[in-house]
Amino acid sequence: MYSVFIVDDEPIVLDGIRSRIDWESNGFTFAGEAGDGEIALSMIHEIKPDILITDIKMPFMDGLQLAEEVKKSQPWIKIIILSGHDEFDYAKKAISIGIQDYVLKPFTPEEILNSLNKAASEIDREKKQYSDISRMKEELKSKEKLIKKEFLNNLVHGSADLNNIVQKCDDLKINLLSRYYKVLISRIDSLTGNQQNQQETCSLINSYSSSWDQAECFFHHTNLLVCIFKGSSQEELEDNVFKAAESISHITGKNSDCVCLTAIGLTVEHLFDLKKSYEDAKQILSSENVQSKNRIISSDDLQSDNSQILELNENDPFIDRLKYAGKNEIAAIIDESMTLVRKNSGQFKVFASYILVDLIFEVSKLIERLGGDIKQLRPEIISRNFIDEAVENEEKLSSHMQALLYFALEYRDSKVTGKYASVIFKAKKYIEENYADQNTTLTTVAQEVAMSPNHFSTIFSQECKTTFIEYLTDVRIENAKKLMRETDMKGYDIAYECGFSDPHYFSYIFKKNTGLSPREYKTSVS
């Protein structure tokens with residue numbers, strides 16, 4: 001399946017493409033849409049689609065500007081331009097920046113599908129070409145590559161001739177002069193020890209890494225990618241490094257047998273200090289074993305974080321979920337439990353008791369791991385009376401579960417300090433207060449927590465076990481469900497009230513997330 005993202009400022013065009021193509025039967029998935037390039041860029045960064053379809057003329061950021069930005073950070077994305085007849089020559093110029101195809105308006109679903117199929121064929125061809133191990137080996141053996149690799153390797157190991165660095169860079173056509181530097185090391189492993197899978201993934205990464213701005217990369221060993229990043233400011237440097245780290249994770253994820261650990265060293269201000277950043281990143285790699293999921297670890301975050309909650313056992317799904325859960329998520333947790341109870345309404349007390357006792361046990365473990373004792377803090381919660389009262393009816397069960405979860409989150413918040421915790425809590429609070437604003441994006445929330453979008457995206461997805469886009473969508477959907485249960489508002493009004501710019505897109509996303517259309521859901525709860 002190839003994922004497709006669409007950008008156009010005309011809702012009728014978006015709806016036409018989205019609704020008139022049978023995506024899955026043609027080998028595609030609809031990944032999302034946006035009404036302008038600026039919002040789209042933030043979403044594309046998270047979703048990382050295979051194919052982007054974009055109008056050429058839009059407000060804030062036009063299609064060509066969007067295409068240029070996307071190609072810088074995600075060069076594998078194939079881009080299809082939608083163009084009016086009078087923009088034909090203008091659209092042709094877009095080919096020079098790597099546009100895959102353009103389709104003239106007005107167009108038919110068949111024309112779009114034909115263009116998508118061409119893009120898919122190019123993705124397959126490129127993947128086969130870039131993952132060619134022999135091609136990578138030959139390239140790395142070339143004299144120019146070997147000389148460049150030796151120089152960069154000496155540089156990060158601190159053995160380069162510092163007096164001749166500038167001249168050597170000039171000879172090798174490398175521009176490393178900048179204000180700040182960081183070294184990134186990615187270790188790519190095969191979970192099954194399959195060398196073929198590992199080397200194909202490394203070859204793909206090697207091919208795409210050559211297009212990254214502000215970076216010089218080489219493979220130190222067969223599966224260790226080393227990158228020297230530069231930036232005129234610490235913010236720019238951080239953004240470039242995390243953008244590349246997420247790209248490496250994404251490319252690795254294309255092979256289900258491969259995982260990568262990316263370590264980011266500390267920031268240094270001089271080329272002769274690159275060894276410090278390299279050794280820092282290497283230390284992170286040596287202290288981490290091969291895991292089943294891709295991870296990105298930054299030295300800066302490790303040094304500044306002393307959060308208790310990061311030490312919680314992440315193998316416990318419930319405790320892991322409560323790590324950074326906001327109070328606005330309590331309703332969804334309760335709703336999931338109540339669904340199970342309602343399926344067994346004939347044995348309400350039995351199932352209600354089971355669920356509540358299990359919840360009390362999990363909350364007790366959370367409190368204990370944070371240094372507390374529920375027996376001393378809230379002894380009434382573990383009393384027989386608390387359970388007997390709760391299982392009298394659905395309303396009381398919901399009320400008791402809510403009180404229990406509020407207690408757990410308030411205790412957690414009183415104990416947790418540290419960079420990750422403060423960032424996630426602040427971000428979720430901002431989302432809770434601004435989800436109805438259509439302009440709430442990864443970028444705006446990252447600004448609120450004073451981080452670069454790429455760094456924030458990495459931390460959020462790793463800590464919350466979901467991407468920012470998925471979380472924001474879940475918040476909007478949960479609030480939409482609440483309005484359907486508690487009000488008589490029309491579907492299109494609910495869509496706008498919950499931050500969706502198009503009622504048709506809202507209906508699509510709602511059904512994709514819940515399995516029911518908005519109308520079907522409202523009927524089921526009324």
Side-chain angles (χ1 to χ4, degrees), residues 72-73 75 139-188 202 205-248 260-287 296-304 451-452 454-455 458:
K72 285 179 187 176
S73 59
E139 183 181 309
L140 295 179
K141 284 180 182 177
S142 70
K143 186 176 180 180
E144 182 183 344
K145 286 283 185 181
L146 286 172
I147 294 173
K148 183 177 178 181
K149 174 184 174 180
E150 182 182 11
F151 168 68
L152 294 173
N153 193 35
N154 288 338
L155 199 57
V156 297
H157 281 88
S159 55
D161 184 354
L162 299 178
N163 296 319
N164 296 315
I165 284 181
V166 176
Q167 183 59 51
K168 192 69 174 176
C169 285
D170 190 51
D171 293 342
L172 294 172
K173 296 180 175 58
I174 298 172
N175 180 13
L176 278 177
L177 296 180
S178 189
R179 181 71 179 84
Y180 299 100
Y181 304 92
K182 271 184 181 293
V183 174
L184 171 155
I185 308 177
S186 286
R187 184 182 69 211
I188 296 91
C202 289
I205 293 171
N206 181 60
S207 297
Y208 287 123
S209 65
S210 61
S211 66
W212 295 336
D213 286 342
Q214 312 295 315
E216 293 293 339
C217 308
F218 65 96
F219 269 87
H220 182 44
H221 295 297
T222 56
N223 69 328
L224 276 185
L225 176 72
V226 180
C227 300
I228 302 171
F229 279 88
K230 64 177 185 175
S232 57
S233 68
Q234 294 196 43
E235 292 76 17
E236 178 192 43
L237 177 64
E238 180 182 84
D239 209 40
N240 288 335
V241 170
F242 277 93
K243 189 184 295 180
E246 289 210 328
S247 292
I248 294 167
C260 76
L261 171 63
T262 295
I264 300 170
L266 56 81
T267 301
V268 296
E269 298 186 21
H270 304 285
L271 284 171
F272 56 77
D273 282 332
L274 280 173
K275 181 181 179 181
K276 295 179 182 177
S277 188
Y278 174 75
E279 293 293 339
D280 202 33
K282 200 164 74 167
Q283 179 64 33
I284 295 172
L285 283 185
S286 65
S287 63
I296 300 169
I297 303 175
S298 168
S299 171
D300 293 339
D301 290 333
L302 291 178
Q303 291 174 11
S304 62
M451 297 183 77
S452 73
N454 293 294
H455 190 180
T458 299

(Q) Within the structure provided, determine whether I228 and L274 are in side-chain contact (heavy-atom separation under 4.5 Å). (A) yes
Q) Hey, what do you get for CG (L266) to CD (Q283), rounding to the nearest 0.5 Å? A) 12.0 Å
Q: List the atom of C202, the atom of T222, and the distance in Å for their closest heavy-atom pair.
A: SG-O, 3.4 Å
**Q.** Separation of R187 CZ from L285 CG (nearest 0.5 Å)
**A.** 5.5 Å
Q) Can you tell me if K182 and T267 form a side-chain donor-acceptor pair at under 3.5 Å? A) yes
**Q.** Min side-chain heavy-atom separation I185-L224 under 4.5 Å
**A.** yes
Q: Find out whether K230 and N240 are in side-chain contact, i.e. whether some heavy atom of one side chain is under 4.5 Å from a heavy atom of the other.
A: no
Q. What distance do I188 atom CD1 and C260 atom SG have between them, rounded to the nearest 0.5 Å?
A. 6.0 Å
Q: Under the side chain to side chain contact (heavy atoms under 4.5 Å, CB included) rule, what do V268 and Y180 come out as? Steps first, then yes or no, please.
A: CA-CA 6 Å; V268 296; Y180 299 100; over 6 Å; no
(Q) Could you tell me if the side chain of T458 sits less than 4.5 Å from the side chain of N454, heavy atoms only? (A) no
(Q) Between K148 and E216, does any side-chain N to carboxylate O distance fall below 4.0 Å? (A) yes
Q. Is the number of heavy atoms from other residues, nucleotides or ligands within 6.0 Å of NZ (K276) greater than 12?
A. no
Q.
Is it true that E238 and S452 share a donor-acceptor pair across their side chains at a distance under 3.5 Å?
A. yes
Q. Can you name the nearest heavy-atom pair linking S210 to S207, along with the distance?
A. OG-O, 2.8 Å
Q: Apply the test side chain to side chain contact (heavy atoms under 4.5 Å, CB included) to residues I165 and L155: give CA-CA distance (whole Å), side-chain angles for both, the deciding distance (0.1 Å), then the verdict.
A: CA-CA 9 Å; I165 284 181; L155 199 57; 3.6 Å; yes
Q. Between L176 and C169, what is the shortest heavy-atom contact and its length?
A. CD1-SG, 4.1 Å
Q: Please tell me if the side chains of W212 and C217 come closer than 4.5 Å, counting only heavy atoms from C-beta onward.
A: yes
Q) Are side-chain heavy atoms of I296 and F242 found at a separation under 4.5 Å? A) yes
Q: Could you tell me which non-hydrogen atom of L237 sits nearest to which non-hydrogen atom of G231, and how far apart they are?
A: CD1-N, 3.9 Å
Q: Please lay out, stage by stage, how N206 and F219 fare under the test side chain to side chain contact (heavy atoms under 4.5 Å, CB included).
A: CA-CA 8 Å; N206 181 60; F219 269 87; 3.6 Å; yes
Q. Could you walk me through whether I284 and S299 pass the side chain to side chain contact (heavy atoms under 4.5 Å, CB included) check?
A. CA-CA 8 Å; I284 295 172; S299 171; 4.1 Å; yes
Q. Any side-chain heavy atom of F229 within less than 4.5 Å of one from L184?
A. yes
Q) So do L261 and I297 actually touch side chain to side chain, heavy atoms under 4.5 Å? A) yes
Q: First locate atom CG of L152, then atom CD1 of I147, and finally report the distance between them rounded to the nearest 0.5 Å.
A: 12.0 Å
**Q.** NE2 on H270 to OH on Y181, rounded to 0.5 Å
**A.** 9.5 Å
Q. How far does NZ of K275 sit from NE2 of H157, to the nearest 0.5 angstrom?
A. 8.5 Å
